[in-house]
2 protein chains.
Amino acid sequence: MISFLDQEHATQDTASVLPPRIAMLQVHVENLLRELHVDLGKQSVVSDTALPGRHAHIDPDFMHKVELACLAHPEVQRQVEKLKLPEESTVVVEPWTYGTDGMNDMLERLTTCWFYMRMSSDPDANYYAYPLDLCAEVSSDLEVKKVYHLPSGEGDRLEATGDLKEYDRRKLHEGSEYHPNLTGSPRTTTKPYHVSQPEGPSFEIQGSRISWEKWTMRVGFNYREGMTLHDIRYEGRSLFYRLSLAEMFVPYGDPRAPYPRKAAFDLGNDGAGVCANNLKLGCDCLGHINYFDGWLVTQSGLPLRTPNVICCHEIDDGILWKHTNTRTGNAVVTRSRVLVLQTIITASNYEYIFLFYFGQDASIHYEVRATGILSTAPINVGDTVPYGTIVAPGVLAPYHQHLFCLRIDPAVDGHANTLVVEESHALPIDDADVHNPFGVGYTTISTPVEHETGLDLDHATNRTFKILNEARVNPTTRTPVGFKLLPCYSQLLLAHPTSYHARRSEFGAHAVWVTRYHDNELYPSGKFTMQSTGGEGIASWIANRTEEEKGVRNEDIVVWHTFGSTHNPRAEDWPVMPCEKMVVGLKPVNFFERNPGLDVAVARAEGGRSVLVG
Amino acid sequence: MISFLDQEHATQDTASVLPPRIAMLQVHVENLLRELHVDLGKQSVVSDTALPGRHAHIDPDFMHKVELACLAHPEVQRQVEKLKLPEESTVVVEPWTYGTDGMNDMLERLTTCWFYMRMSSDPDANYYAYPLDLCAEVSSDLEVKKVYHLPSGEGDRLEATGDLKEYDRRKLHEGSEYHPNLTGSPRTTTKPYHVSQPEGPSFEIQGSRISWEKWTMRVGFNYREGMTLHDIRYEGRSLFYRLSLAEMFVPYGDPRAPYPRKAAFDLGNDGAGVCANNLKLGCDCLGHINYFDGWLVTQSGLPLRTPNVICCHEIDDGILWKHTNTRTGNAVVTRSRVLVLQTIITASNYEYIFLFYFGQDASIHYEVRATGILSTAPINVGDTVPYGTIVAPGVLAPYHQHLFCLRIDPAVDGHANTLVVEESHALPIDDADVHNPFGVGYTTISTPVEHETGLDLDHATNRTFKILNEARVNPTTRTPVGFKLLPCYSQLLLAHPTSYHARRSEFGAHAVWVTRYHDNELYPSGKFTMQSTGGEGIASWIANRTEEEKGVRNEDIVVWHTFGSTHNPRAEDWPVMPCEKMVVGLKPVNFFERNPGLDVAVARAEGGRSVLVG
């Protein structure tokens with residue numbers, strides 16, 4: 001691929017360096033997962049590997065079959081009858097992939113079914129407002145293996161069998177709907193706000209290639225990662241080979257079985273591409289919008305176009321830079337135009353909005369917005385537990401974490417890069433060799449990372465992670481050119497290191513990882529996360545390599561950033577959660593000789609057609 | 001004031017509870033600073049206090065006089081002659097308030113004058129591109145006390161006297177201009193972007209009162225703090241009595257004299273109000289803009305209207321909340337409209353943009369954007385030092401910190417509030433009394449702060465600072481109502497605790513402080529920062545109170561957040577710096593019974609007049 005890109009940028013004539021097109025297929029043949037590689041040019045199978053004990057991701061079609069199988073099962077029906085639910089209610093089954101907990105694991109692929117009740121004939125009524133005590137496990141061949149009830153009082157410690165008690169009607173309540181058909185009249189105070197771009201957008205799109213201001217890149221899309229970005233350059237200079245959300249882990253903090261099985265790998269198990277929304281003009285994005293479609297496959301392997309899975313548009317982000325010369329009174333202001341690439345996924349109850357922002361100052365920001373509906377569990381009226389918030393009568397919103405891993409494959413002026421950790425430290429005040437008579441001096445200490453490892457954040461030392469090209473020196477600063485990571489300060493995985501959560505996720509143990517590039521290392525919790533048992537993620541890759549293989553100085557490296565939120569729900573997150581934002585940045589650091597946005601045209605009073613009020 | 005506000009919200013009839021209008025005046029009478037309080041209703045002087053050894057803030061008029069005095073001084077002229085500067089150049093003097101360093105302090109108010117050269121007849125040419133080796137100190141009565149030259153080689157350790165060497169013409173260079181008259185043609189790729197609000201803005205303004213969506217507040221402005229916000233309520237419920245930037249400290253990290261004197265208290269010494277920009281429609285803000293004017297005084301005490309110091313407008317901030325019911329395929333999306341209050345100050349070389357953002361979900365965000373021009377120092381061609389970046393030939397951009405203090409005076413459903421520190425901790429895995437068989441459980445541990453203190457951030461435990469009203473319980477969650485601080489993770493003051501920087505700033509030692517409310521405690525480095533010697537800031541207030549006086553549980557408390565950046569300049573920050581953003585948040589936490597933005601109208605495809613591209 002590198003020789004193709006080099007050739008493309010040099011001459012446009014890439015015929016001689018076209019890489020073969022190899023499709024990767026995961027197929028179930030008689031309940032056994034196989035992975036095939038097929039050369040589409042030669043129309044030949046390159047490899048065919050049986051993967052006993054492995055499970056592929058699941059999709060909505062399968063989930064729907066599981067729901068139906070579950071609802072049709074006699075024991076499920078018997079238990080639902082015991083609940084004596086209100087007549088107008090409907091039982092809803094929400095299948096989840098099964099989180100390994102080490103006590104109940106089987107080789108067979110299982111789905112955990114959580115039960116809810118819808119208290120309206122409107123199919124958009126919020127059934128998460130009525131979690132039921134019931135739970136079931138369904139196998140890949142749609143057999144209901146187990147039916148049990150959930151711990152839902154403060155004394156309960158485990159799932160249990162036996163008959164359910166009658167549903168407690170004190171849990172019936174108002175105020176948990178979010179769909180406009182079911183809520184009151186909306187507020188009318190928000191006046192219209194229009195964006196117009198009379199000369200069209202500033203970007204140009206050719207197929208998957210985007211050029212905007214001085215940026216060029218390609219946008220990709222696949223079933224697992226959703227949106228990916230490739231060959232990102234500014235003024236033709238290479239910055240990043242690939243940027244992608246590599247994994248996402250959502251473990252729940254309720255210790256009572258079966259809740260430890262609520263531990264979702266939304267990329268590895270479900271697929272960000274599979275779950276991507278069809279975005280709507282004016283709703284999901286404003287202004288002049290270009291949509292990209294994606295391609296998935298149906299259950300039978302036919303190509304499936306998924307429309308509008310990525311949108312590309314511009315926003316105004318306030319001031320880019322400003323200075324007023326106080327001697328002349330002359331102010332110079334430029335406004336910041338930003339290119340936005342957005343994709344949104346729905347993972348059952350939750351939605352995640354993933355946004356890349358490109359700035360005229362050559363900065364990149366990656367933002368995750370978490371919204372949607374909390375995953376809820378039943379709790380007895382009057383009870384409390386120390387690992388969840390009661391958001392409505394009988395509705396527990398358990399504590400949980402969202403841990404994301406952004407995979408940053410740099411190519412800062414070339415592929416041989418080094419991760420350098422820089423800290424700012426006060427100079428010693430009492431050292432005879434150091435001049436610091438007033439005790440105010442400070443300096444930076446830079447440490448190149450020599451071997452693959454996981455590292456942590458430290459705001460107290462202003463610890464900064466720089467991706468440098470040590471062979472390319474900025475002629476002005478006389479230091480290597482680079483980009484720095486602006487991390488999102490987040491708590492790491494809370495689950496105990498010996499737990500299956502920790503062993504399965506691995507990337508959640510450190511905030512920043514650096515590895516040497518390997519073709520098959522795209523997913524930091526391993527390629528097969530479905531009912532995985534651990535030992536296949538980023539920490540294991542590193543542990544299994546020799547010291548020499550671990551060398552990452554002036555190598556083709558990959559930097560991984562773990563971030564997210566410890567989400568202890570608020571009442572304000574119910575019944576639908578206002579976006580919670582998490583932001584990661586990548587900024588040039590002595591990569592350019594000066595501010596790359598210096599030539600942005602100065603803002604003029606008439607520029608934005610603004611109106612003076614009052 | 002509280003009885004006035006209570007009465008105003010209850011009946012609108014406030015005649016009986018109008019507080020007296022007392023003006024505070026700081027005046028110099030024969031070089032002695034006096035502070036007077038004048039009752040404007042009674043037209044009487046309430047108090048008149050002489051303040052020997054204290055200095056008031058300075059203003060541009062005085063600074064300009066210092067410049068002229070400095071340039072007219074024979075020794076300055078003699079040294080400038082020794083430099084043999086290029087014929088077309090002009091010498092520019094930049095006066096700074098004098099940062100106490102403990103070795104050169106006098107009771108007299110001093111101004112440090114830094115010298116630069118402008119290499120163009122255009123008065124907007126960037127003179128920071130040509131720092132000269134010269135420095136001078138000027139007294140309040142405009143006497144030049146000392147002329148010396150700066151350490152500017154890697155071996156130099158101190159300021160020195162003697163004759164300057166000829167200016168090194170290898171330092172003359174291109175590429176350090178930012179004014180459009182002096183740079184090449186701007187990029188033309190950025191197409192116009194207009195915002196229109198055909199029905200006008202969603203806010204209403206009456207005098208200093210703003211109402212927008214469900215928010216109400218008053219906006220204030222004064223010479224020292226610039227923009228302040230008061231009596232902030234949502235749906236009529238009180239949230240914050242006052243929000244203000246309380247201080248800002250910018251110490252430089254170059255240990256060599258006289259650089260430790262570069263330590264700016266931009267509020268205490270200069271005044272954010274005094275330095276506020278006159279904002280321009282379409283340049284500093286887009287859309288329908290309401291401007292607020294401010295009032296200052298001239299040097300002779302006359303009222304001075306400063307136009308457009310605060311702008312009020314709305315922005316679209318993407319998605320507020322979204323959920324797609326995967327069973328029906330129906331997506332519900334609301335867009336986030338945000339109210340922006342912005343003020344911008346120019347502090348010599350730098351600009352600071354201060355923004356409050358109000359959300360429909362009852363969140364508040366406070367953003368600081370640092371832009372403008374780096375303060376530079378001379379360095380010999382070919383030399384380097386470990387506490388600065390060379391951004392152009394002969395131009396050192398020294399390392400420095402920007403430390404801001406946001407003063408949060410809460411009134412969460414009333415004035416008796418408590419600061420609670422909440423952390424998320426894994427449950428023990430091996431404790432017989434705790435049920436955590438899978439090692440995945442976690443819980444929160446909450447600790448109310450009982451006494452005034454400084455606290456630090458800890459992302460590793462998800463340490464969260466909640467301002468609670470312990471007497472008001474959320475009926476759903478059954479926990480106290482509150483707001484939480486979303487801190488900006490920043491390195492604290494690097495200067496040694498025994499240094500004058502640390503002793504003078506005090507607030508820079510901790511990220512979060514809580515104190516009990518006192519009328520005169522608005523400024524966490526003390527009221528008089530000009531050439532202060534320390535011991536008058538927030539740490540000293542606390543240290544000087546008894547245990548009982550320090551009680552902050554269920555009291556009228558004030559929470560202070562220190563944040564900022566350790567700014568080790570990049571080449572990309574030159575010649576004018578793209579905005580560096582720092583963001584602090586305040587969000588309701590179990591204050592409301594549900595998402596306060598639930599009733600925002602659903603976005604419609606035609607809503608934003610968006611256009612499909614391609």
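A, B, ... follow the sequence lines: proteins, then strands. Residue 1 opens every chain.
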Candidate pair B/Arg256 and A/His435, rule side-chain contact (heavy atoms from CB on, under 4.5 Å), full reasoning: CA-CA 7 Å; B/Arg256 303 169 297 174; A/His435 180 72; 3.9 Å; yes
Tell me, please, which residues at least two apart from B/His313 pass ring pair (Phe, Tyr, Trp, His ring centres under 6.0 Å). none
Determine yes or no for a side-chain-to-main-chain donor-acceptor pair under 3.5 angstrom, with A/Thr477 supplying the side chain and B/Thr389 the backbone. no
Best-contacting candidate, A/Asn325, A/Val434, A/Asn349, against chain B by heavy atom pairs under 4.5 angstrom: A/Asn325
Would you please classify the geometry between the A/Tyr178 ring and the B/His323 ring as parallel, tilted or perpendicular, with 30° and 60° separating the classes? perpendicular
Greatest number of heavy atom pairs closer than 4.5 Å to chain B - which of A/Thr444, A/Asp573, A/Asn474: A/Thr444
A/Ile319 vs B/Glu351 side-chain heavy atoms within contact, under 4.5 Å: no
Who wins among B/Asp361, B/Thr384, B/Thr566, B/Thr346 for the most heavy-atom pairs under 4.5 Å with chain A? B/Thr566
Check whether any side-chain heavy atom of B/Val333 sits under 4.5 Å from a side-chain heavy atom of A/Asp284, and report yes or no. yes
Side chain, backbone, both or neither: which part of B/Pro588 has an atom under 4.5 Å from a heavy atom of chain A? both
Side-chain donor or acceptor of B/Ser610 paired with backbone N/O of A/Gly287 under 3.5 Å: yes
So for A/Ser424, is it side chain, backbone, both, or neither that comes closer than 4.5 Å to the heavy atoms of chain B? both
Against chain B, label A/Pro60 side chain, backbone, both or neither, depending on which of its atoms sit under 4.5 Å from a heavy atom there. neither
For A/Thr189 and B/Ser202 the tightest heavy-atom approach is O-CB, 3.4 Å
Over all heavy atoms of both residues, which pair between A/Gly441 and B/Pro255 is shortest? Give the atoms and the distance, please. CA-CB, 3.9 Å
Which bit of A/Thr326 is near chain B, if near means a heavy-atom gap under 4.5 Å: side chain, backbone, both or neither? side chain
Name the region of A/Asn277, side chain, backbone, both or neither, that has any atom closer than 4.5 Å to a heavy atom of chain B. side chain
Can you tell me which portion of A/Ile353 sits under 4.5 Å from chain B's heavy atoms? Options are side chain, backbone, both or neither. side chain
Closest-packed option against chain A by number of heavy-atom pairs under 4.5 Å, given B/Asp124, B/Val92, B/Thr443, B/Thr371: B/Asp124
Option that, when pairs with chain A are counted at under 4.5 Å, heavy atom only, ranks first among B/Met577, B/Glu199, B/Gln197, B/Arg327: B/Arg327
Interface moiety of A/Ser348 toward chain B, non-hydrogen atoms closer than 4.5 Å: backbone
Structural part of A/Leu427 lying under 4.5 Å from a heavy atom of chain B: side chain
Backbone N or O of B/Val576 within a donor-acceptor pair of the A/Asn595 side chain at under 3.5 Å? yes
Any idea which of A/Ser363, A/Pro497, A/Ala426 has the most non-hydrogen atom pairs under 4.5 angstrom with chain B? A/Ala426
Counting distance only, does the side-chain N/O of B/His288 pair as donor-acceptor with the main-chain N or O of A/Val611 below 3.5 Å? no
Rounding to 0.5 Å, atoms OG1 (B/Thr464) and CG (A/Asn568) come to a distance of 7.5 Å
Best-contacting candidate, B/Lys214, B/Met63, B/Glu314, B/Lys484, against chain A by heavy atom pairs under 4.5 angstrom: B/Lys214
CG on B/Leu492 to OG1 on A/Thr461, rounded to 0.5 Å: 11.5 Å
Atom pair CG (A/Leu494) and CG (B/Asn462), whose distance is rounded to the nearest 0.5 Å: 8.0 Å
So, A/Gln491 side chain and B/Ala460 main chain: donor-acceptor pair closer than 3.5 Å or not? yes
Could you walk me through whether A/Arg594 and B/Glu572 satisfy the salt bridge (Lys or Arg N to Asp or Glu O under 4.0 Å) test, starting with their C-alpha distance in whole Å, then the side-chain angles of each, then the deciding distance to 0.1 Å, before giving a yes or no? CA-CA 4 Å; A/Arg594 59 186 64 81; B/Glu572 290 83 359; over 6 Å; no
Keeping A/Arg187 on the side-chain end and B/Glu213 on the backbone end, is there a donor-acceptor pair under 3.5 Å? no
Which value, rounded to the nearest 0.5 Å, describes the distance between B/Ile315 atom CD1 and A/Ile315 atom CD1? 8.5 Å
Min side-chain heavy-atom separation A/Val613-B/Phe203 under 4.5 Å: yes
Distance-only, no hydrogens or angles: does the B/Arg604 side chain make a donor-acceptor pair with backbone N or O of A/Cys283 under 3.5 Å? no
Do the side chain of A/Arg337 and the main chain of B/Lys191 share a donor and acceptor less than 3.5 angstrom apart? yes
What pair of heavy atoms forms the shortest contact from A/Trp321 to B/Pro578, and how long is it? CB-CA, 4.1 Å
Distance-minimising heavy-atom pair for B/Pro186 and A/Ala601: CB-CA, 3.7 Å
Tell me, out of A/Gln342, A/Arg478, A/His179, who's got the most heavy-atom pairs with chain B below 4.5 Å. A/Arg478
For B/Ala392 and A/Thr476, the nearest pair of non-hydrogen atoms, with its separation, is N-CG2, 3.5 Å
Pick one of side chain, backbone, both or neither for A/Pro201, based on which atoms fall under 4.5 Å of a heavy atom in chain B. both
Between the CD atom in B/Glu593 and the OG atom in A/Ser176, the distance rounded to the nearest 0.5 Å is 10.5 Å
Of the backbone (N, CA, C, O) and the side chain (C-beta and beyond), which part of B/Val589 lies under 4.5 Å from a heavy atom of chain A, both, or neither? both
NZ (B/Lys322) and CD1 (A/Ile344) are apart, to the nearest 0.5 Å, by 4.0 Å
Just by distance, do the side chain of B/Ser499 and the backbone of A/Val440 share a donor-acceptor pair under 3.5 Å? no
Restricting to non-hydrogen atoms, name the atom on A/Pro192 and the atom on B/Pro198 that form the minimum distance, rounded to 0.1 Å. O-CD, 4.1 Å
Is the distance between the ring centroids of B/Tyr442 and A/Tyr387 under 6.0 Å? no
Among the options B/Ile373, B/Leu355, B/Thr183, pick out the one with the most heavy-atom pairs lying under 4.5 Å from chain A. B/Ile373
Side-chain touch B/Asn436/A/His496, heavy atoms, less than 4.5 angstrom: no
Look at A/Arg335, A/His501, A/Lys280, A/Gln401 and state which one has the largest set of heavy-atom pairs under 4.5 Å with chain B. A/Arg335
Assess the residue pair B/Leu457 and A/Tyr489 against the criterion (side-chain contact (heavy atoms from CB on, under 4.5 Å)); give the C-alpha distance rounded to whole Å, side-chain angles, the decisive distance to 0.1 Å, and a yes or no. CA-CA 11 Å; B/Leu457 306 182; A/Tyr489 286 90; over 6 Å; no
Under a 4.5 Å cutoff for heavy-atom pairs, which residue among A/Asp254, A/Asn590, A/Leu598, A/Val332 has the most contacts with chain B? A/Asn590
Please state whether the side chain, the backbone, both or neither of B/Gln360 comes within less than 4.5 Å of a heavy atom of chain A. both
